[in-house]
Amino acid sequence: MRLNTLKRHMRESVKSLGRNGWMTFASISAVTVTLLLVGVFLVVMFNMNHFAKKIENDVEIRVHIDVTANEQDKQALRAQIEAIPEVKEIRYSSKEQELKNLIKSFGEEGSSFRLFEQDNPLSDVYVVKTEKPTDTIKVAKQIEKFQFVHKVNYGQGQVEKLFSTLKVARNIGIVLIIGLLFTAMFLISNTIKITIFARRREIEIMRLVGATNGFIRWPFFLEGLWLGVIGAIFPIVSILVVYYNIYKFLEPKITVPFIELLPFNPFMWQISLILLLFGACIGVWGSMMSVRRFLKV
Amino acid sequence: MIEMQDVYKTYPNGVVALNGVNVRIKQGEFVYVVGPSGAGKSTLVKMIYREEKPTSGTIMINGVNLAKLRDSKVPLLRRHIGVVFQDFKLLPKLTVYENVAFALEVIEESPKVIRNKVMEVLELVGLKHKVRSYPDELSGGEQQRVSIARSIVNSPKIVIADEPTGNLDPETSWGIMELFEKINNRGTTIVMATHNREIVNTIRRRVIAMENGKIVRDEAKGEYGYEA
Ligand SMILES: Nc1ncnc2c1ncn2[C@@H]1O[C@H](COP(=O)(O)OP(=O)(O)OP(=O)(O)O)[C@@H](O)[C@H]1O
Ligand SMILES: [Mg+2]
């Protein structure tokens, strides 16, 4: 393609934005609203995913070792646990250590547990983590059957519930985002269809005087691209600003363990890029869908 | 040279618009196509610039069979054929100059060539002083001149005109016809579908008369031959 042609396509596509003022405004608004919704949704989803990961990673299996086990038995048990392919790490914690942790976790009142220091009722523990958090239950059930295992603890019931809740939330999110994107594409392709319809005489003349289909398509391709990209600006900027402020305001106040927001950098740049790409794709796709039927000979 | 052999055209709705047309038009001829409404005049001229494809038969233009021409080659064909319509088909938001230049820009002609050619044809049609006007600032006759300028700006060998004077008053029509004669005198073939009896009977040229999709009469220096 000649440089002049490219310049012409650029100029035509930009001019057409101005010429079809109201349609341009409508298209950009459609992209803006959609991307704003998608953007907010993505931010929430990514953060939820982040919490979920944190919580999941905190899930561990506590294997209480039978009091009758001697050093050798403990080593054998450790070897058995380590042999399970899903196991990532295993840490030993003696009953003295366990008691100390217990006392510490109760703070002031914990001192009353000191009584047990002479006759510790707790057992030695192996703390096991799995490669994938979702394997926890399976691995715990397996360990339960080993010899010298007194009891296995992984927050039975609660863990299962947490995992299934997260899974449902994630799936609902994905379905909603896909639905939203399709709605936007439909809206935009219709809007651009009207833009192109307003220019059908131009296309008719182009075809009459011998312009190729490729040539005719270019300005519409670019116009769609601009619509998508311009439509992405407001959502990106507003999400950046709002997230920055929420992050600054909320981050110091969150004291609940594992719950933390994704840091502004690089998360916000990723979101911006995603929104920009979505905008561009939606715009181009919409205009290409619409121009197709005008180019049938 | 335009040559049609046993051309039939049935539209998708079942209407038979051309029912076995045989015709041969030499380079540089001036041909009127006349006949009652619905006779198939527009369909016939649409065959020449491949707006419609024949259902059967061959249409040869300078050695190329349009019946077999691939869709992707149609733009190249159209660059050698100018087309003029009753309704001018100008772009209202472009000036006279831009409307004519449009035809060259969209086939990627260089800006220098565009400028020269556009000014040359605008001079030929007598609108050099109106280059900056918009179509709605022009009379019907002037608008048709712009559309004629656009059709010939790429120096086509053939100009197709479908009722070019259909929207114009008699006075203005004569001026437009003079312009077509001028273009024809430069060696360009002209094929004009028309209902204008007075023009056909005054500016005597070859007349092809159609009825029900068939050519019923084909005379050099013929007459209109129907009641108006
Ligand atoms: N695109 C189309 N689809 C279906 N039928 C068509 C189409 N174009 C024309 N026809 C039919 O084909 C026949 C010939 O039409 P055409 O336009 O060639 O006539 P015409 O001689 O140009 O008439 P007029 O003098 O009124 O312009 C008519 O019966 C018309 O209804
Ligand atoms: Mg007609």
Side-chain angles (χ1 to χ4, degrees), chain A residues 1-27 192 194-224 226 287-288 290-297, chain B residues 45-46 48-53 66 69-85 87-94 98-115 117-118 135 146-147 149-156 158-162:
Chain A
M1 186 166 37
R2 290 184 182 208
L3 186 65
N4 264 320
T5 307
L6 187 66
K7 273 199 250 165
R8 181 179 198 279
H9 290 324
M10 289 278 193
R11 200 176 58 227
E12 283 305 308
S13 62
V14 172
K15 247 202 274 178
S16 161
L17 292 180
R19 260 187 216 155
N20 305 298
W22 278 107
M23 289 322 301
T24 300
F25 180 74
S27 303
I192 293 181
I194 298 168
T195 314
I196 291 173
F197 195 68
R199 294 171 63 184
R200 66 195 183 285
R201 163 145 290 198
E202 210 172 308
I203 298 177
E204 182 194 354
I205 295 166
M206 283 197 211
R207 296 187 51 210
L208 209 56
V209 298
T212 59
N213 280 353
F215 183 95
I216 295 171
R217 225 178 260 131
W218 260 98
F220 293 105
F221 171 85
L222 290 176
E223 194 179 338
W226 305 150
S287 77
M288 289 299 95
S290 312
V291 84
R292 226 175 36 178
R293 76 191 182 100
F294 285 92
L295 292 181
K296 287 190 193 125
V297 174
Chain B
V45 299
K46 277 178 184 166
I48 299 173
Y49 60 97
R50 238 304 290 268
E51 180 68 23
E52 294 290 349
K53 268 191 209 174
L66 300 198
L69 189 69
R70 273 189 289 140
D71 285 353
S72 60
K73 299 278 183 231
V74 171
L76 293 176
L77 167 79
R78 300 238 172 115
R79 293 176 190 193
H80 299 291
I81 299 175
V83 191
V84 177
F85 295 94
D87 60 356
F88 322 137
K89 293 195 195 298
L90 299 177
L91 294 170
K93 287 177 181 167
L94 300 186
E98 289 165 342
N99 261 290
V100 178
F102 187 80
L104 293 178
E105 279 171 6
V106 301
I107 59 170
E108 303 185 53
E109 192 56 90
S110 78
K112 222 179 118 194
V113 174
I114 292 178
R115 187 151 187 90
K117 284 191 171 180
V118 172
V146 178
S147 107
R150 182 179 64 196
S151 76
I152 59 169
V153 72
N154 198 26
S155 320
I158 301 167
V159 170
I160 307 294
D162 197 349

Sidechain-backbone polar pair: Arg79(B) side chain, Gly210(A) backbone, donor-acceptor under 3.5 Å: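 Present.
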What part of [X] gets closer than 4.5 Å to chain A, counting heavy atoms only: side chain, backbone, both or neither?
{"X": "Glu52(B)", "answer": "neither"}
{"X": "Asn99(B)", "answer": "neither"}
{"X": "Ser110(B)", "answer": "both"}

Heavy atoms of other groups near Arg11(A) CZ, more than 12 under 6.0 Å: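 Above 12, so yes.
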Option that, when pairs with chain A are counted at under 4.5 Å, heavy atom only, ranks first among Ile107(B), Leu94(B), Leu91(B):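 Highest number of pairs under 4.5 Å: Leu91(B).
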Chain A interface, residue from Lys53(B), Lys93(B), His80(B), Arg150(B) that has the most non-hydrogen pairs under 4.5 Å: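 Between Lys53(B), Lys93(B), His80(B), Arg150(B), the count favours Arg150(B).
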Spacing of Thr212(A) atom OG1 and Arg78(B) atom CZ [to the nearest 0.5 Å]: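 CZ of Arg78(B) is found 12.5 Å from OG1 of Thr212(A).
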CG on Leu90(B) to CD1 on Ile205(A), rounded to 0.5 Å: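 Rounded to the nearest 0.5 Å, the CD1-CG separation comes to 7.0 Å.
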Part of Arg201(A) lying under 4.5 Å from any heavy atom of chain B: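 Both backbone and side chain of Arg201(A) come within 4.5 Å of chain B.
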Chain B contact via Glu204(A) - which portion, at a heavy-atom distance below 4.5 Å: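 The answer is the side chain of Glu204(A).
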Option among Glu202(A), Arg207(A), Met206(A) that satisfies the side-chain contact (heavy atoms from CB on, under 4.5 Å) test with Val106(B):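 That would be Met206(A); it is the only one of Glu202(A), Arg207(A), Met206(A) passing the side-chain contact (heavy atoms from CB on, under 4.5 Å) with Val106(B).
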Closest heavy-atom pair and its distance - Tyr49(B), Leu208(A):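 So the two residues come closest at CE1-CD1, 3.8 Å.
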Side chains of Thr5(A) and Glu105(B) in contact at under 4.5 Å (non-hydrogen atoms):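 A side-chain contact is absent here, since even the closest heavy-atom pair is not under 4.5 Å.
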